[in-house]
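Chain A is the first sequence line, chain B the second, and so forth, proteins listed ahead of strands; every chain is numbered from 1.
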Amino acid sequence: MTQLISEENIKNERKIQNQINESIKDFKCFYFDAGAGAGKTYSLQKSIEYILENRTDELLSVKQKILCITYTNAAKNEILERIGQNSLVVVSTIHEFLWGFIAHQQPLLINEHKKKIEEELGKIDDTLSEIKFYNECDDQESFKQIVLNQEFLDLFYQYYSESATDFRDAIKNTGKIDEKLLSNVSNFKKVVSALRSEQKLKEALSNSNKRKCKVRYNPTRNRDNLSLFIISHDTLLDYAYSIIINNNIVKRLFFDKYPYVLIDEYQDTDRKVVEIFNSILDYSRERETNFLIGYFGDYMQNIYDKGVGKLDTIVEDFIPIKKVFNRRSSSQIVELIERIRNDGFGQKSIYKNFKDGKIQFYHSSLELESLSSFLSQKEIDKDCAVLLLKNDKIAKEREFENLLNKIREFPRFSGGNYNNVGSEFLSNNLQNMGWFLREVLNFIDFIAKVKNEDSTVRMVTNFIEGSTQITYDVFIQFIKKVNSIKSTKIGGYINELGKISISNNKETNTNFEVESILKNIFSIDSTNNYIEQIKKRAYDYFYFTSSDTFEDDDSNESERDMSIINSFFDLELKEFLCWYEYVQTDKKETGINYYTLHGSKGLEFDNVVIVLENTFANKKDYIQFFFENYGNLNFTEEESLRFNSVRNLLYVACSRARKKLYIIYISEDLQQNERQNISVIFEEIKSLDPDILDIAYDSPES
DNA sequence: GGGAGTAACCTTTTT
DNA sequence: GGTTACTCCC
């Protein structure tokens, strides 16, 4: 059934776009708020097209461009796809753009960098002064000399991650450190690390005036390395902010070049970015130059801490434009998400007749034993997404749990590097994937293609050097041999694969080396003992924590503890295949898509199943807090932040559904007010507990 | 019982 | 890396 839009709503929608167009025409800055599924990106696209239709000649004659800022590369690509290539439109992520804009201002950047280093040195000073033993140290200078000695540091970092006792013993055995300084190991570590960075930063500072010194932006790693003049995302914004705010010439360069700036998903952009644009706008007004800023977004979908969220108090004189129509969902869903946001935004379905949606809320007092039996019971198998809070649970459902847990044992993913799991292992952006894991993924890609009967010959032979010369006979022989590999473990599998030999007596010039596959994928050079070489690479990757203390890794190779590496290669190949399936994020029309609630942002499905649980974000009542406090108006600032973050996440997740939405809430028992509020939002509460009749949970009225 | 030190545990996502 | 949970000792 096609959904129908009334004449009136078609008109209403057009009116909204006209409002935007008028603002653009008159250079009146605006912010456009539209709910989930309203078609924000479409409005943005139309706005760009409007400018192109009316101002192309003008832009061309003064060599100006339209600037469209997005938050993610994915969004950037989508917009580029929609508007097509056009030299008058620059579409860019905010970081990419700002870096392009200030990268060549090296003197200014170096200046910022020096300030940043000074700041950092100040922080180090504070840290040191807070630690008692160092403060009371009679001779700090000689202590410094002892611990900053390279040999000492080598030992220090070698034992850094060992238990406190082992670490203490190792340091004690050098005979250089008085035992009483080691009574608190973590403080000792803190002091030595602080002194080490202090030394490096001071060195960097004294080098900063050299000509070759350049500040560089590294977008692939979210960490500054100030002593090497490398900055990352947040620091880039800091520098850009300072440079632009304080330089009218730079501001003028900006608005002379880009008279129209449109910003997508404004709620996610950093507050500093808004302030940068505000300062440019102020100066353009001073100079009486036309300059337009338009924000497009939905503050209710701000689910990351850094985003600016609501704009009204930051851009007070901007025209607010709002769209209440929802183009995605059935009226049931639209009404539900309106209740979740509960701020009177007034969303409504744009359709006359899209009223066959369905919402069911289930409570379960125990963790679900089998999600799949729930799914099959509900007979949802098409265009469906299951949304879970944690990556752990996704790994479990997708059956690569052991792989995930093994990964977390390595230094690269444990301790302070805990967050690397997300970016380097679970990232659906292959560019961000860790280098060794990318090799593994590549290998799995090869296996998957060999195993898949639908693969073309080309898809498989792409992995083989000199593959153009392979005869069909040889190819079939090869596939057969690969498919008869017995080992179910990845290490064993690689081993057997490396041993495959293809008899090739017909054509002497056919150059087919099975080993070239492994050589290519894992960038190894010698021709034997593949698995050992690959394990060596694995070690280099998994044990390199990049905390810039492990610059050289020619640590005694014979001393390397390979036990975890070995158990990594003892994992079932199947787990790797499941992981591979998961990170290939292509949405499946049939079958079930798994995402985190966060990761579902921007997507849509006919059917959505959301599993909610309370242990999340270091809380034991993450979801409960929202249900208990729904409608509460007396929040402290902290409570309000907490409440909003759950609300926004639920809003994002629930608004993915077009037709059917199932919520499964896992919570030991429901409090009275919690139950009441859930009933207000979702109406009926059903129980998934086997021994409880549904009726016991019906809403109070019934 | 409390304080100090250590070990264990942890949310998501993007740039 | 930051917070919570445990353990040890006085």
Trainee: With a 3.5 Å distance limit and no angle check, can you tell me whether A:N187 reaches the backbone of A:I131 through a side-chain donor-acceptor pair?
Mentor: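 A pair under 3.5 Å: no.
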Trainee: How many Å lie between CZ on A:R271 and P on B:dT15, as a whole number?
Mentor: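 Taking CZ of A:R271 and P of B:dT15, I get 23 Å after rounding.
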Trainee: Mind checking if A:S163 touches a base, just sugar-phosphate, or nothing, with heavy atoms under 4.0 Å?
Mentor: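 Sugar-phosphate: the residue A:S163, judged by heavy atoms under 4.0 Å, touches backbone atoms but no base.
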Trainee: Less than 4.0 angstrom between a side-chain N/O of A:K620 and OP1 or OP2 of C:dA5, yes or no?
Mentor: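 For C:dA5, OP1/OP2 do have a side-chain N/O of A:K620 under 4.0 Å.
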Trainee: So, is A:N184 close to the B:dT6 phosphate, meaning a side-chain N or O under 4.0 Å from OP1 or OP2?
Mentor: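 It does, given that an N or O in the side chain of A:N184 lies less than 4.0 Å from OP1 or OP2 of B:dT6.
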Trainee: With a non-hydrogen cut-off below 4.0 angstrom, is A:G422 in contact with a base, only sugar-phosphate, or nothing?
Mentor: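 No contact at all - A:G422 keeps every heavy atom at 4.0 Å or more from the nucleic acid.
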Trainee: Distance check: side-chain N/O of A:R221 vs OP1/OP2 of B:dT15, anything under 4.0 Å?
Mentor: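 No, no such contact exists.
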Trainee: Can you tell me how far C1' of B:dT12 sits from CD of A:E613, to the nearest Å?
Mentor: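 Result: 13 Å.
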Trainee: If you measure from the ring centre of A:H598 to the centre of the six-membered ring in the base of B:dT13, is it under 5.5 Å, with the planes under 30° apart?
Mentor: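 Stacking between A:H598 and B:dT13: absent.
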Trainee: By nearest heavy atom, map A:T72 and A:S183 onto DNA chain B; which one lands nearer the 5' end?
Mentor: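 Looking at the nearest nucleotide for each, A:S183 comes out on the 5' side.
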Trainee: Nearest to the side chain of A:N391, heavy atoms from C-beta on, is which of B:dT13, B:dT15, B:dT11?
Mentor: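 For the A:N391 side chain, the nearest candidate turns out to be B:dT13.
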Trainee: Mind calculating the distance between NE2 (A:H95) and C1' (B:dT14) to the nearest angstrom?
Mentor: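 Between C1' of B:dT14 and NE2 of A:H95: 8 Å.
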Trainee: Would you kindly compare A:F616 and A:N222 by the position of their nearest DNA chain B nucleotide and give the one closer to the 5′ end?
Mentor: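 Of the two residues, A:F616 wins.
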Trainee: Less than 3.5 Å apart, any donor N or O on the side chain of A:N342 or A:Y651 sitting next to an acceptor on the other?
Mentor: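 No, A:Y651 and A:N342 have no side-chain donor paired with an acceptor closer than 3.5 Å.
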Trainee: For A:L430 and B:dT14, give me the distance from atom CG to atom P, rounded to whole Å.
Mentor: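 A:L430 atom CG is separated from B:dT14 atom P by 12 Å.
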Trainee: Taking atom types as modelled, find out whether A:Y239 and A:H113 have a side-chain donor-acceptor pair closer than 3.5 angstrom.
Mentor: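 Per modelled atom types, A:Y239 and A:H113 side chains form a pair under 3.5 Å.
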Trainee: Mind checking A:L237 for me? I need base, sugar-phosphate or nothing, with any heavy atom below 4.0 Å counting as a touch.
Mentor: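 Here A:L237 touches no strand at all.
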Trainee: For the side chain of A:N618 and the base of C:dT3, is some donor closer than 3.5 Å to an acceptor across the two?
Mentor: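 No such pair is found, so the answer is no.
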Trainee: Measuring centre to centre across the rings, with the benzene-like ring taken for any Trp, is A:Y258 within less than 6.0 Å of A:F97?
Mentor: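 Yes.
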Trainee: Distance criterion of 3.5 Å, no angle test: do you see the side chain of A:Y71 paired donor-to-acceptor with the base of B:dT14?
Mentor: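 Yes.
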Trainee: Choose from B:dT11, B:dG5, B:dA7 the nucleotide whose nearest atom is closest to any side-chain atom of A:R168.
Mentor: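 Nearest to the side-chain atoms of A:R168, counting from C-beta on, is B:dG5.
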Trainee: When the distance from CG of A:N302 to P of B:dT12 is rounded to whole Å, what number comes out?
Mentor: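 After rounding, the reported distance stands at 18 Å.
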Trainee: Return the value, rounded to whole Å, for the distance between atom NZ of A:K306 and atom P of B:dT11.
Mentor: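 About 17 Å, once rounded to whole Å.
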Trainee: Whole angstroms only, please: what is the CG-C1' distance between A:N419 and B:dT14?
Mentor: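 Going from CG in A:N419 over to C1' in B:dT14 covers 13 Å.
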Trainee: For A:K176, look at atom NZ and say whether over 12 heavy atoms of other residues, nucleotides or ligands are found less than 6.0 Å away.
Mentor: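 Yes, the 6.0 Å shell around NZ holds more than 12 heavy atoms from other groups.
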Trainee: Among B:dT11, B:dT15, B:dA7, which is the nearest nucleotide to the side chain of A:D305?
Mentor: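 Ranking B:dT11, B:dT15, B:dA7 by closest atom to the A:D305 side chain puts B:dT11 first.
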Trainee: Roughly how many Å is it from CG in A:N417 to C1' in B:dC9, rounded to a whole number?
Mentor: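 Whole-Å distance recorded here is 15 Å.
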Trainee: Going by centres under 5.5 angstrom and planes under 30 degrees, do the aromatic ring of A:Y418 and the base ring of B:dC10 stack?
Mentor: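 The ring of A:Y418 is stacked on B:dC10.
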Trainee: Are A:D621 and A:Q624 close enough that a side-chain donor and a side-chain acceptor fall under 3.5 Å?
Mentor: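 Result is no, nothing qualifies.
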Trainee: Categorize A:D270 for me: base, sugar-phosphate, or nothing, with a 4.0 angstrom heavy-atom threshold over every strand shown.
Mentor: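 No contact.
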